[in-house]
Structure formats: C-alpha cells, structure tokens
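A quick write-up on the structure given underneath.
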Amino acid sequence: MPCKKTKAVVSTFGLAFALAASIGLAGCADPQQAPESTTDPDDEVIANMTFDDKIGSKIGYSDEGRLIDNINQLPEVYSHEEEEAVNAENNPPETRTDRNGFTIQPVPADDKGYNTTWLDGDDRGCLSCHDTLEDSQMNQPTYHRLIMMGYPSEQSVQNCLMCHNTWQPNANKLKDNIHQTHLNNDLFNEKFDGNCMSCHAIDDNGDFALWDVVKYDQYKGYVNVSAEDAALDVSYDQDTITPLENQFYKSIKSEPSEWTTDDTQIDPSVYENWTIELKGEVGNPFTMTLPELKEKFGTVTETLKAHCNVNGTGQATIFQAEVTGIPLKDVIEYAQPNEGTNGYTPKGNDGFGNLMPLECLEDAPALLVLEVNGQTLRPSQGYPVAVWVGGGAAAAEFPKYVTSINITTEANADKLWTHPRHGSNVSPSQTEDADLIFFPNAGVLNYPTGVVLENQVGSQMTLEGYADAYHEPIAKVEYSLDGGKTWTTMETPGTDVNRWVYWRMNFTPQEAGSYHLKVRAYSQLEDGSLHEPYYTTDYQFTVK
C-alpha cells in the first residue's frame with residue numbers, strides 16, 4: 001500500500017514489519033528517522049531466523065522446547081504497556097497544510113499507535129497519493145468535466161460515486177475506471193507500493209468497501225462525548241447567502257473557453273448581443289437579445305439554493321445566492337405553448353440541457369439569471385445568462401450560457417422528468433435502490449474534515465454546514481459525537497424547499513484529541529412521513 005515512512009515498531013510483532021521492509025513489501029524509503037540502533041536491521045532479521053528459515057523470536061523468549069514449557073518467561077518479555085507507548089510515540093499521525101491554509105490531520109492519534117501501525121491510515125485513501133482529486137481529473141488524458149469546491153472542503157470519492165455509480169446511467173462504473181488506471185500504473189505500483197488495501201477495507205461480509213467511506217468507523221482513539229455531556233447549541237436559518245468566492249464551479253459540457261473561465265474580464269458586448277431563441281411547439285416563436293428580454297419582461301430577485309445533483313455524501317457542491325433575473329415562466333408564456341405541451345429544454349452554447357416539466361414553473365421560482373449577489377453573473381457561472389429553477393438540482397436545472405428554449409410534448413413519463421425530482425437517476429416507472437439516493441444530505445462547510453483547531457480546549461468552537469434534499473423539505477437534523485450512540489436533534493419544521501437549511505453547531509470540547517462527528521438529515525415526503533437518509537455524513541476534527 002502507499003507508503004510515506006518506514007514505521008519504527010518496538011513491539012513483539014516488530015520483526016514482521018522489519019522483514020516486510022527488507023523484502024520490499026512495506027514500501028518506500030524512510031523520511032522519518034528511526035530509533036538509533038547499533039545493529040543493521042537486516043542483520044537483526046537474519047539473527048532471528050530459525051534453522052528452517054522461518055522468523056524466530058525477537059523478544060528473548062526461549063526458542064527451544066514447547067512454548068508452554070517456558071511460560072514463566074512471559075512477565076519478563078511480554079510487557080506491552082511500555083512498547084505500546086513507544087510505538088504510539090514513534091508512529092504519530094501525519095499532519096499537512098491544505099491549499100486553503102488549514103492544518104489537516106486525517107488520522108486520529110491513539111495511545112497504542114493502532115491507527116498508523118495496523119490500519120496504516122496515513123497511507124490509505126485517495127489523498128494519501130493525490131494532492132487533490134481535482135488534480136487527478138485535470139491530468140487525465142481525456143476530457144473530464146470538473147467540479148471545484150468553493151467552501152474549504154476537500155472533494156472526496158463520494159462525488160465520484162455520484163456520477164459513476166448513481167446519476168449517470170451511461171457512465172463507466174467507478175470500479176472499472178479506477179482499478180484499471182491504478183493496477184496498471186507504475187506510480188501506484190512502484191512509487192507508492194499500492195495494493196488492494198490502499199483504497200479498500202474489507203467489511204464483515206468479506207466484501208470490499210472504499211476506505212475513504214468507512215475509515216471513520218475503523219479508527220480508534222476518538223474522544224467520545226454523549227449528547228447529554230456535549231450540550232450542543234444548534235440553530236439554523238434559511239437566509240444565509242454564500243459569498244461569491246465560495247460558490248462551487250462545474251465545468252461546461254465542452255472544454256471551457258477562456259471567456260467562460262476568466263471572471264476578471266466581463267465583456268459587456270457579449271450581454272448586449274446575446275440572443276435566446278424560443279422555439280418548438282409554440283404559436284409565437286421568437287428570438288430576442290437579453291436587453292430586449294429584460295426590457296419586455298422586467299426582472300425579479302429571489303434567494304435560491306444551487307445544489308448540484310452529483311453532490312456526494314457530506315460534500316460541498318452547494319451554495320445559496322440572491323439572484324436577479326427575467327421570469328422564465330413569463331418568457332415561455334409569451335411564446336404561446338400549444339395546448340398539451342408539457343416540457344421545455346433550455347440549452348447552453350455547449351449543447352448541454354435537460355428536458356424539464358413545465359409544471360415545475362408553477363410552484364417554483366424560475367429565472368433567466370443575470371445577476372448574483374448584486375453583481376453581474378460571472379463567466380464561470382454562465383455569463384451572460386443561466387437558468388435557475390427553485391427546488392431543483394444544479395446542472396440538471398441550472399444550465400449555463402443559455403441560447404435556446406425548446407417547448408415539446410412528451411407522452412412518456414419516463415422522459416419527462418428531472419433528477420432528482422423522482423428520487424434518483426432511475427426513471428419514474430422503476431423502483432430505485434435506497435443506496436442510490438444520496439439525499440437528504442448534510443455536511444460541514446466552514447472547515448475541511450480532519451482540521452486541527454488550536455487552543456480550543458475549554459473554548460467554544462462553531463461548525464457550520466447545510467442540510468438539503470432538493471425538492472423535499474428538511475424536517476430535522478441530528479448530530480452525534482459518540483459514534484452514533486446518542487444524538488442531538490434539531491427540528492426544522494416548515495422549511496422552504498427553494499432554500500437550504502444552514503445550521504450552526506456550537507460545541508466546547510473539554511479535552512484535547514480527535515472527535516468524530518456524525519451528521520444526518522431527514523426530509524419530509526408528500527404523505528407526511530420522514531425520508532430517512534441512507535447515508536450518514538462522517539466528519540473529523542482535532543482540538544489542541
């Protein structure tokens with residue numbers, strides 16, 4: 001598996017690691033200085049080989065006769081308390097500084113060094129080899145659409161799963177892409193000594209699970225705090241606005257041009273000359289420039305969330321903004337749709353667009369957006385015009401650089417739908433699997449997972465985040481700091497599906513160490529029952 005240091009293990013089992021290193025199984029060379037020794041490690045291994053070239057005792061236990069006949073030696077040679085302390089000291093979790101300047105400790109410390117010695121936590125998972133997953137996408141030999149987080153959250157494999165296991169039925173499965181590109185890659189095999197366990201854990205059924213998904217429940221050494229003792233102060237609102245610099249970016253369908261990514265240069269002539277064509281099954285097809293549309297239909301301002309339909313569990317592909325734009329419903333009605341028409345497809349200049357039901361315009365704000373947070377829509381977000389539909393999914397219902405809107409009649413209900421309005425990317429006539437539904441969703445936005453917070457013991461800290469379920473209103477959000485044994489519940493009655501639930505959790509840690517926070521949100525179905533989340537968000541932080 002990927003290796004960044006040679007572990008100095010002072011324990012009964014240390015020889016196994018020393019031998020593995022000597023024959024190339026433990027990986028790369030050591031940047032971490034090992035304890036001083038007067039003997040060469042290879043000599044030590046050879047000295048502990050038995051006559052049949054098996055590994056012999058290193059701790060001084062007699063190598064003659066039956067093991068049980070020498071049991072009186074155990075108190076002398078089998079004292080692990082000191083060895084465990086030394087092992088933990090010699091193998092502390094690594095820390096690093098992320099691109100946003102936060103100190104990150106992905107693996108919690110424990111008093112035996114279990115997480116680094118046996119789980120090898122620092123050398124497993126995507127970011128043990130990759131600087132960021134965004135980098136890995138950009139460096140592929142073929143074009144891959146890109147998501148960049150605006151909030152200081154590191155993108156994880158959960159976002160990959162959303163496209164390659166869930167939302168995109170025609171996309172290659174993640175297992176097919178990842179296994180081929182890793183197992184046939186010299187960097188993975190030679191530099192990082194990668195193997196199956198670099199990316200996986202094995203669950204109780206003997207099945208492979210993704211390490212980055214299950215690792216939080218594997219680690220030891222967390223400071224566990226019951227809901228009663230945690231005394232969390234939780235609150236929420238639906239009005240919090242995301243600053244422009246914290247809004248996520250998703251690339252367009254085609255390879256981006258300079259004018260679509262340079263937010264420092266906004267050419268007014270693009271807006272002045274940009275046209276949108278209303279066409280299809282309408283009695284009054286027309287083409288107008290944006291200035292003409294604005295003059296004829298005016299503008300309104302709404303506060304709307306933009307929640308990407310490929311936002312994985314706990315990920316930050318979401319924001320909320322105050323947007324100003326031309327009412328889409330008025331524009332479509334002016335085109336005089338034929339009787340019985342039920343669908344519309346806005347398309348951008350990259351050819352991207354989704355068929356959407358006209359009925360959605362009756363119960364949700366829908367705009368041809370020109371301004372965000374009082375400023376001209378930026379090129380990276382679709383300048384000069386993008387469609388936003390309340391309660392829907394960004395990308396599916398938020399196309400950029402819109403050039404046309406086509407009105408159609410669809411008799412097949414399986415075609416006239418937009419994900420995630422029907423629960424997943426499975427057509428309405430099919431029953432979706434629960435594990436393919438990644439909402440209701442919740443996550444932390446103001447710090448990345450694994451963050452180290454200095455001088456926090458005895459001082460109040462605040463975690464901020466979101467809860468959302470697209471077209472289903474959030475009913476409650478729950479928090480646990482003891483591995484899910486006890487929960488603090490925050491009720492959120494009567495929430496508006498066009499806006500996110502933005503929560504704040506105030507907590508005063510009473511001791512130093514790593515904490516494991518679980519967050520889960522529940523939404524309300526049309527029949528009044530609760531939609532229980534299939535996935536719970538895991539988040540880790542360390543206080544000092």
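Numbers for residues simply follow the sequence, beginning at 1.
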When you look at Thr275 and Thr403, which way does the side-chain contact (heavy atoms from CB on, under 4.5 Å) test go after all the steps? CA-CA 6 Å; Thr275 61; Thr403 58; over 6 Å; no

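- Salt bridge Arg99/Asp131: present, at least one basic N to carboxylate O contact under 4.0 Å.
- Panel note: side chain Gln320, backbone Thr240; a donor-acceptor pair is recorded below 3.5 Å.
- For the pair Asp468 and Lys305, the salt-bridge criterion is met [side-chain N within less than 4.0 Å of a carboxylate O].
- No donor-acceptor distance shorter than 3.5 angstrom exists from the side chain of His130 to the backbone of Cys126, with no hydrogens or angles considered.
- Between the side chain of Thr103 and the main chain of Thr97, no donor-acceptor pair closer than 3.5 Å is present.
- Between Tyr466 and Trp500, the ring planes lie parallel to each other; the angle is under 30°, not in the 30° to 60° tilted range.
- The aromatic ring centroids of Tyr522 and Trp487 lie 6.0 Å or more from each other.
- Side-chain N or O atoms of Tyr539 include one that pairs as donor or acceptor with a backbone N or O of Pro448 at under 3.5 Å.
- Checked against the 6.0 Å centroid criterion, the rings of His471 and His307 do not qualify as a close aromatic pair.
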As a quick check of understanding, evaluate side-chain contact (heavy atoms from CB on, under 4.5 Å) for Thr289 and Lys294, giving each step before the final call. CA-CA 9 Å; Thr289 65; Lys294 181 178 179 180; over 6 Å; no

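- Proximity of a side-chain donor or acceptor of Gln155 to a complementary backbone N or O of Ile147 within less than 3.5 Å is detected.
- Proximity of the aromatic rings of Tyr383 and Tyr401 is defined here by a centroid distance below 6.0 angstrom, and this criterion is not met.
- No donor-acceptor pair under 3.5 Å is formed between the side chain of Gln158 and the backbone N or O of Gly314.
- No side-chain donor-acceptor contact under 3.5 Å links Arg504 to the backbone of Ser235.
- For Phe439 and Tyr470, the ring centers are positioned less than 6.0 Å apart.
- Looking at Glu478 and Lys476, a side-chain N of the basic residue comes within less than 4.0 Å of a carboxylate O on the acidic one, giving a salt bridge.
- Aromatic pair Tyr502/Tyr236: centroids not less than 6.0 angstrom apart.
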Begin with the C-alpha distance, continue with both residues' side-chain angles, and end with the deciding distance and a verdict on salt bridge (charged side-chain N to carboxylate O under 4.0 Å, His left out) for Asp239 and Arg499. CA-CA 8 Å; Asp239 301 319; Arg499 301 184 180 202; 2.7 Å; yes

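- With sequence neighbours excluded, the residues forming a ring-ring contact (aromatic ring centres under 6.0 Å, His included) with His516 are Tyr216, Tyr222, listed by chain and number.
- At distances below 3.5 Å, at least one donor-acceptor pair connects side-chain atoms of Asp527 with backbone N or O atoms of Ser529.
- Salt bridge Asp350/Lys400: absent, no basic N to carboxylate O contact under 4.0 Å.
- Asp263 places a side-chain N or O within 3.5 Å of a backbone atom of Ser380 that can act as its donor or acceptor partner.
- Comment: Asp217 engages Lys518 in a salt bridge, judged by a side-chain N to carboxylate O separation of less than 4.0 angstrom.
- Formation of a donor-acceptor pair under 3.5 Å by the Ser257 side chain with backbone atoms of Thr260 is not found in this model.
- For the residue pair Glu154 and Thr132, no side-chain donor N or O sits within less than 3.5 Å of a side-chain acceptor on the partner.
- Remark: Arg520 fails to qualify as a cation-pi partner of Tyr479 under the 6.0 Å distance and 45° angle criteria applied to the six-membered ring.
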